[in-house]
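Accompanying notes for the structure given below.
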Amino acid sequence: MEERLDLFDELRNTRLEKLKKMESMGVNPYGCRFDRTHKAADILSLDLSEGEEKPRVSAAGRIMSLRRMGGAGFAHLQDDSGRIQIYSRKDQVDEKTFDIFKLLDLGDIIGVEGTVFTTRTGEITISIESLTVLAKSLRPLPIVKEKIQDDEKIIYDQFADKESRYRKRYVDLLVNPDVMEVFRKRSKIVSSMRRYLEGKGYLEVETPILQPLYGGAFARPFTTHHHRLDMTLYLRIADELYLKRLIVGGFEGVYEISKDFRNEGMDRDHNPEFTMMELYVAFEDYHFMMNLVEDMLASICRDVHGDLRIPYGNSHIDFTPPWKRLSYFEAIKKHTGMDLSGDDLNTLKKAAAEKGIQKEKMFTEGAILDAIFSQCVEPHLLQPTFIMDYPVEISPLARKHRNLSGVVERFEGYIMGREICNAFSELNDPLDQRERFENQAKLRDRGDEEAMVIDEDYLGAMEYGMPPMGGLGIGIDRLVMLLTDSASIRDVILFPQMRPEIDSSASEKH
RNA sequence: GAGGGUGUAGCUCAGCCGGUAGAGCAACGGCCUUUUAAGCCGUGGGUCCAGGGUUCGAUUCCCUGCACCCUCACCA
């Protein structure tokens with residue numbers, strides 16, 4: 001944090017001098033509380049019709065523009081509702097107030113009190129009578145300049161460098177209003193989802209993030225160490241196995257919205273920590289979950305956008321239920337012309353080769369099918385679509401299909417070629433589960449680091465009797481990407497994971 | 001992990017067939033009492049990502065490293 005100060009010492013020093021001047025005038029440049037009567041947006045919507053007495057207001061915010069001219073000056077104050085212009089005139093305030101006004105910089109946080117009027121150019125403005133400095137800014141903000149012309153917003157010198165924006169999100173939020181909008185929507189999406197689930201009577205719970213054994217998904221975990229217990233702990237990769245234990249315990253509908261951690265690659269769809277919602281409902285199955293997903297996402301979309309058809313990229317997404325439904329093998333057949341259900345390893349290998357698919361880990365039927373599916377089917381699943389009935393090998397926690405062999409009762413929802421949720425009729429047969437875990441153990445022995453580990457406690461819980469249930473997981477970050485038209489997961493995570501900055505000049509100095 | 005791209009003033013960028021760099025905005029000084037990407041005049045500001053090499057001389061060419069971006073692979 002200190003390391004780059006010398007690079008802009010000069011800019012900082014001039015601000016420090018202004019700060020000292022303020023102090024010598026008896027002004028504390030770092031105020032305590034400030035009473036506001038209005039936010040910026042409230043003032044802009046005041047009734048300023050003729051004949052009315054000019055309303056008195058107080059407001060506070062950060063100075064985002066500053067135009068001083070001799071004996072008067074204008075500035076814009078930004079708070080979380082928007083911007084309001086303020087005006088100070090030498091002969092309308094006392095000398096000290098005007099002197100303080102002259103010491104202000106872009107980025108300073110101040111509170112003002114005064115009357116509201118409209119300027120000749122028609123902008124609603126506070127004519128200030130008093131001014132309180134709440135925080136002097138010492139570093140220059142990369143403030144964006146914008147001009148409205150023919151209803152088009154022209155932006156000059158936008159703070160656009162993605163790296164700086166992600167590393168200093170607080171600056172990004174201040175100067176790029178669209179960014180704040182994305183995170184407001186994110187918050188709305190999550191609260192809308194909670195409201196929906198709460199409305200159904202499900203219980204929100206919290207299960208361990210630090211786990212002695214991880215499970216519930218295929219992934220490499222993060223590992224940590226507890227000193228007092230002197231044991232290895234893992235950061236969870238999924239909530240699943242703990243939530244299902246709670247259904248064994250007698251809760252009939254539980255969900256959790258929280259972070260999972262996976263020690264894997266990073267790209268525009270993956271951040272090492274990400275937010276999941278998982279829901280388990282006793283006595284239900286995957287058909288129930290499919291209906292719930294359609295209904296819940298429509299409800300969220302309506303809450304956030306007021307519409308079920310929303311723009312995405314050059315296209316749009318239509319969340320109107322019901323979604324298209326198609327089985328896994330039907331989907332492959334539709335997009336490759338090949339019926340691969342029941343094919344053995346060699347046949348599948350040939351089929352993959354025919355489609356030019358070459359992946360690293362194609363040891364099993366499941367892995368090959370998965371490769372074909374990702375490459376040939378997923379990119380076509382643009383509008384909301386459910387893919388149902390997955391091969392059993394790639395779904396070790398899902399119940400075998402009640403009528404079809406070789407597949408499980410599982411579906412994934414796809415939107416814009418991206419998986420948005422994953423759900424099953426959960427496996428509640430402890431003997432079948434043990435067998436599936438053992439198959440995973442074999443894969444692990446063959447070098448698959450992401451295969452599941454056997455969880456004896458979980459198997460034990462199942463042996464007490466686990467009701468049948470429907471289970472669902474929704475990746476919140478990806479849902480937010482869709483609902484905010486964002487191209488990268490980093491655009492919907494406030495502080496995405498970044499490599500630390502290395503500053504060689506700093507390490508020499510300190 | 002592979003390939004490509006980018007890294008120059010606080011911000012956005014230009015430039016350099018190799019001779020230690022420029023614009024706009026921001027900053028500082030002056031003029032300006034309803035302005036609005038304010039204006040006009042003037043001034044200052046850069047280990048040109050880091051380290052090494054070639055060279056009389058490197059920000060520019062070469063190598064290595066670092067960070068970020070894009071594509072692919074891996075991964076939900």
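Just so it is clear: chains get the letters A, B, ... in the order the sequence lines come, proteins before strands, and each one is counted from 1.
- Going from atom CG of A:Leu138 over to atom C1' of B:G10 covers 14 Å, rounded to whole Å.
- Judged by Watson-Crick or G-U wobble contacts below 3.5 Å, the nucleotide B:C74 has no partner.
- Between B:C74 and B:A21, the distance separating the two P atoms is 49 Å to the nearest Å.
- Within the nucleic acid shown, A:Phe117 comes within 4.0 Å of at least one base atom, counting heavy atoms only.
- Annotation for A:Lys259 and A:Arg236: closest pair O-NE, 3.0 Å, computed over non-hydrogen atoms.
- A cation-pi arrangement is not found for A:Arg410 relative to A:Phe424, the charged atom failing to lie both closer than 6.0 Å to the ring centre and inside a 45° cone about the ring normal.
- Comparing B:G52 with B:G42, their P atoms are spaced 42 Å from each other, to the whole Å.
- The same atom, P, is picked in B:A26 and in B:A67; the two are 35 Å apart, to the nearest Å.
- At whole-Å resolution of the value, CG in A:Leu66 and C1' in B:C28 are 14 Å apart.
- Nucleic acid contact for A:Asp267: base, since at least one base atom lies under 4.0 Å from a heavy atom of the residue.
- The nucleotide B:C16 finds no pairing partner, because no Watson-Crick or G-U wobble arrangement with both distances shorter than 3.5 Å includes it.
- The side chain of A:Pro140 lies closest to B:G10, out of B:U33, B:G10, B:C68.
- Computed from coordinates, the A:Gln158 CD to B:A26 P distance equals 17 Å when rounded to whole Å.
- As judged by a 4.0 angstrom heavy-atom cut-off over every strand, A:Gln92 is placed among residues making no nucleic acid contact.
- Separation of the C1' atoms belonging to B:A14 and B:U8 is 9 Å when rounded to the nearest angstrom.
- At a threshold of 4.0 angstrom between heavy atoms, the contacts of A:Tyr414 include nucleobase atoms, whether or not backbone atoms are also involved.
- Rounded to whole angstrom, the span from the CG atom of A:Asn13 across to the C1' atom of B:A26 amounts to 17 Å.
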task = Begin with the C-alpha distance, continue with both residues' side-chain angles, and end with the deciding distance and a verdict on ring-ring contact (aromatic ring centres under 6.0 Å, His included) for A:Tyr87 and A:Phe117.
result = CA-CA 10 Å; A:Tyr87 172 62; A:Phe117 74 108; 5.7 Å; yes

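- Remark: B:C68 base-pairs with B:G5; criterion is Watson-Crick or G-U wobble with both hydrogen-bond distances under 3.5 Å.
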task = With ring-ring contact (aromatic ring centres under 6.0 Å, His included) as the test, would you mind laying out the steps for A:Tyr280 and A:Tyr255 before giving the verdict?
result = CA-CA 6 Å; A:Tyr280 295 85; A:Tyr255 70 97; over 10 Å; no

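- Within the shown strands, B:C63 is the pairing partner of B:G51 under the Watson-Crick or G-U definition, both distances less than 3.5 Å.
- No contact: A:Glu17 has no heavy atom under 4.0 Å from any strand.
- One can find a donor-acceptor pair under 3.5 Å joining the base of B:U33 and the side-chain atoms of A:Arg89.
- When the P atom is compared between B:C62 and B:G5, the two are found 11 Å apart, to the nearest whole Å.
- When A:Tyr328, A:Tyr286, A:Trp323 are each tested for a ring pair (Phe, Tyr, Trp, His ring centres under 6.0 Å) with A:Phe386, only one passes: A:Trp323.
- Across all strands shown, A:Ala160 has heavy atoms under 4.0 Å from sugar-phosphate atoms exclusively, and none from any base.
- Side chain A:Gln85 to base B:U35: a donor-acceptor pair is found below 3.5 Å.
- In terms of position on RNA chain B, the residue among A:Leu141 and A:His270 whose nearest nucleotide sits closer to the 5' end is A:Leu141.
- In this structure, a donor-acceptor pair under 3.5 Å is absent between the side chains of A:Arg399 and A:Gln433.
- Distance CE (A:Met69) to P (B:U35): 7 Å, rounded to an integer number of Å.
- For the pairing with A:Tyr214, the ring pair (Phe, Tyr, Trp, His ring centres under 6.0 Å) check across A:Tyr234, A:Phe222, A:Phe261 returns one residue only, A:Tyr234.
- Per the geometry, CZ belonging to A:Phe74 stands 14 Å off C1' belonging to B:G39, to the nearest Å.
- Taking atom CZ on A:Arg68 and atom P on B:G29, their separation rounds to 9 Å, with Å as the unit.
- Distance check on atom C1': B:C68 versus B:C49 gives 11 Å, rounded to whole Å.
- Rounded to the nearest Å, the gap between the C1' atom of B:C56 and that of B:C41 is 44 Å.
- In this structure, A:Arg490 reaches the B:C69 phosphate: one of its side-chain N or O atoms is under 4.0 Å from OP1 or OP2.
- Side-chain nitrogen and oxygen atoms of A:Lys162 include none within less than 4.0 Å of the OP1 or OP2 phosphate oxygen of B:A67.
- Contact between the side-chain N/O atoms of A:Arg67 and the OP1/OP2 oxygens of B:C32 is not found at any separation under 4.0 Å.
- Mapping A:Phe218 and A:Phe159 onto RNA chain B by nearest heavy atom places A:Phe159 at the nucleotide closer to the 5' end.
- Nucleotide B:G42 is matched to B:C28 when pairs are restricted to Watson-Crick or G-U wobble geometry with both distances under 3.5 angstrom.
- The nearest whole Å value for the distance from the CD1 atom in A:Ile489 to the P atom in B:C69 is 13 Å.
- Across the C1' atoms, B:G45 and B:U6 are found 25 Å apart, a figure rounded to whole Å.
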